[in-house]
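One structure below.
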Amino acid sequence: MATTEKAKRKFSFKLPHSYVIIVIVLILACLMTYVIPAGTFQRYENADGITVVDPNSFSYLESSPVAPWRIPEMIMASADTNAITIFSIFIIGGSFGVILATGAFEALTAKLAKAFSGRETWVIPAFTLIFGLATTTMANNQFIGFAPIGVMVAMAFGFDAVVGCGMICLGGAIGFSTGTLNVNTTVIAQQIAELVPFSGLWLRCVSFVIFWFITNAYLIRYARRVKADPTKSVMFGYSGAGVVDAKSLDEFQRLEPRHIRTLLAMLACFVWLIYGCFNYKWGLDKVSVVFMYMAVICGLLYGFGPSRIAEEYIKGMKSMTQPAIIIAMGCATTLIFNEGQIMDTIVMGLANTVELLPGILRAPGMYIIQSLVALVVVAGNAQAAVTMPIMVPVADMVGMGRQTAVLAFNFADGWTNYILPHSSALMGFIGMAGIPYDRWMKFFVKLFVIWVVTSMVILAFAGAIGYT
C-alpha cells in the first residue's frame, strides 16, 4: 500500500497557478521575438473603412526583440490598454455582490429546484440555447456578468460551479463561434472576402445545431456524474473562495415579496442591457453602467441602505481581483508580439503552409492555421483584418471557396477563446464563477478536442461541396 501511494505521488502532476502559467507564456513570447524575424505587411483602408493587409507587401524589418525583464512593463501597458475590460470585471463583480447578498437568487433557485425535481438536466439545454441565440449577434464576453446566475442555479440542483458556468459560457461560445449573424466577425471577414454579408447562413445554422447538441450532451453527462458522486467534480477538494457557496435547499431563503421586487428589477435591467447591446452596440463600458444602476436599484428595493449597498459592492469587487489581474497579464502577449514586430511574420508563415496540403485537408488545415493565429491575435475583428486578406487569395489559389475560408476563421477565432489563459472571455467567466484555470481545463479539454474534430469534419464537407 505504501509503495502504491508513493508511486501515485511520484507520477502525479499538478498544473501550476494561473499566474505562473501566464508568466511562462509571456517569457516564451519574449524569446520568440529573438528567434522569429521581424516583418510587416502594408495596411490600407478599404472602401468599407476596414483596415486590411496587402498580402503581397510583406517585408522584413530590423530585429527588435523584447527582453524578458520587460515583462512587468508589458503587463502595465496591457493593463492600460485593457482598462475598460479590467474595470468592467470589478464593476460587474461588485454589482453581483450586492444582488447575491439580498438572497433573491437563493430563494428563486430553491423554488426552481423543487419545481424541476427529477428533471434537473432540462435546465442545461435551456440555458445554453438562450445564450447561444443571444451571442449570434454579439460577443460572448458581454454576458460575463450572468455567470453567477448559472452557478447559483446549477449548485441548487446538486451540480457544481463548472456546470453553472458552462451553461452560460459554452452556450454563448456556440452562438459566437458558429458566426451565424455576427457583424463584428463574420460580416467583417465576408466584406474582406468580397462576399455578400450574412451569405452562406445555412451551413452556419446547421453548425450551430450540431455544436449545441454536442455541448449539451457533454455538459449533461458531466452534471449527472457530479450529482451522483460529488467527488467526480473537477472542483472537488478546491478550497479557494468562489463567488457562490454551495448550500442545501433547506438553507436557502424562502421567496418573499422583497425578493420578487429585486428579481423583477434585475430582469428589467437585463432587458435594458440586451436592448442596448442589440440596438446601440454597447460595449463593456456601457454594460458596466447598467450593472451599477442594477446594484443600487436592487439593493434599495430589497431594503438595503446606502452603506450596506457600498459594503456588499466592495466585497463583490474584491472577489474579482484575480481574474482582473489575469486579464492584464495575459493580454500582454499581444503587446510583446507587436513590439517585437513578429506578428505579421507568424501569420505569413502559417498561411503559406496551406498550399502544401492535399485538397480534402486544405479547409481543415486552414482552420488549424487560423487557430494558431488566434493564439496570438485574440480579438476576432483584429484576426479577420490580419488573416483574411492573406487567406482569401490562398483559398483562391488552392481552389477553396471563400465562404469556407470565412467559416474556418469563425471556428478558429471562437473555440480558442475557451482554452487561452489570456482570453478575456474565458478568464472573465471562470473568474466570476470562482473556477481556477487548471480546474476548468481539466473539465473542458475533452470537449475542446471534440469541437476541433467536429469543426474539421464540417470544413472538409464544406470544401468538398464547394460551399457558397
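Numbering of residues begins at 1 and proceeds along the displayed sequence.
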How about F337 and V66: do any of their side-chain heavy atoms sit closer than 4.5 Å? no

Are any side-chain N or O atoms of S57 and backbone N or O atoms of Q42, one a donor and one an acceptor, separated by less than 3.5 Å? yes

Nearest heavy-atom pair of L195 and Q403: which atoms, and what distance? CD1-OE1, 3.6 Å

CD1 of I91 to CD1 of I84, rounded to nearest 0.5 Å, is 12.0 Å

Look at the rings of W451 and Y418 and say which category their plane angle falls in: under 30° parallel, 30 to 60° tilted, over 60° perpendicular. perpendicular

Do I214 and L447 come within less than 4.5 Å of each other through their side chains, counting heavy atoms only? yes

Compare all side-chain heavy atoms of I75 with those of L26 and state whether any distance is below 4.5 angstrom. yes

Measure across M74 and I336 and return the closest heavy-atom pair with its distance rounded to 0.1 Å. CG-CG1, 3.6 Å

Check whether any side-chain heavy atom of I435 lies under 4.5 Å from a side-chain heavy atom of M235, and answer yes or no. yes

The test is side chain to side chain contact (heavy atoms under 4.5 Å, CB included); show your working for D160 and F236 and say whether it passes. CA-CA 9 Å; D160 65 2; F236 183 75; over 6 Å; no

Is the number of heavy atoms from other residues, nucleotides or ligands within 6.0 Å of CZ (F87) greater than 12? no

Sub-3.5 Å donor-acceptor pair from the side chain of Y467 to the main-chain atoms of G401, do we have one? no

OG1 (T186) and CZ (R204) are apart, to the nearest 0.5 Å, by 5.0 Å

Take Y60 and F58 through the test ring-ring contact (aromatic ring centres under 6.0 Å, His included) and record every step on the way to the result. CA-CA 7 Å; Y60 288 102; F58 184 82; 5.0 Å; yes

Value for CD1 (I360) from CE (M456), rounded to nearest 0.5 Å, stands at 12.5 Å

If I compare all heavy atoms of A408 with all of Y367, which pair ends up nearest, and what's the gap? O-CD1, 3.8 Å

Take F90 and T321 through the side chain to side chain contact (heavy atoms under 4.5 Å, CB included) test and state the conclusion after the steps. CA-CA 7 Å; F90 281 117; T321 302; 4.0 Å; yes

Looking at R225, I'd like to know if its CZ atom is crowded, meaning that more than 12 non-hydrogen atoms belonging to other residues, nucleotides or ligands lie closer than 6.0 Å. yes

Please determine whether side-chain hydrogen bond (donor to acceptor under 3.5 Å, both in side chains) holds for the pair T40 and Q341, giving the CA-CA distance in whole Å, both sets of side-chain angles, and the decisive distance to 0.1 Å. CA-CA 7 Å; T40 186; Q341 300 185 97; over 6 Å; no

Quick check: closest heavy atoms across I36 and I342, and the distance to 0.1 Å? O-CG2, 3.4 Å

Is the backbone of G39 close enough, under 3.5 Å, to the side chain of T345 for a donor and an acceptor to pair up by distance? yes

Can you tell me if R224 has over 12 outside heavy atoms packed within less than 6.0 Å of its CZ? no

Under a 4.5 Å cut-off applied to non-hydrogen side-chain atoms, are F159 and V153 in contact? no

Counting C-beta onward and ignoring hydrogens, is there a side-chain heavy-atom pair between L420 and L426 closer than 4.5 Å? no

Do you know which two heavy atoms are closest between L170 and T215, and how far apart they sit? CB-CG2, 3.9 Å

Flag side-chain contact, heavy atom, 4.5 Å: S233 against V162: no

Which distance, rounded to the nearest 0.5 Å, do you find between the CZ of F213 and the CZ of F208? 10.5 Å

Within the 4.5 Å heavy-atom criterion, are W212 and P125 side-chain neighbours or not? yes

One should read off an interatomic distance between L459 CG and L407 CG, to the nearest 0.5 angstrom, of 5.0 Å

If you compare all heavy atoms of A161 against all heavy atoms of V151, which two are closest, and at what distance to 0.1 Å? O-CG2, 3.8 Å

So, taking the atom named OG in S177 and the one named CG in N410, what distance separates them when rounded to the nearest 0.5 Å? 8.0 Å

Is the distance from the ring center of W415 to that of F211 below 6.0 Å? yes

Is it the case that the side chain of Q190 and the backbone of S199 share a donor-acceptor pair, with hydrogens and angles ignored and the cut-off at 3.5 Å? yes

Quick check, are the ring centers of Y218 and F443 under 6.0 angstrom apart? yes

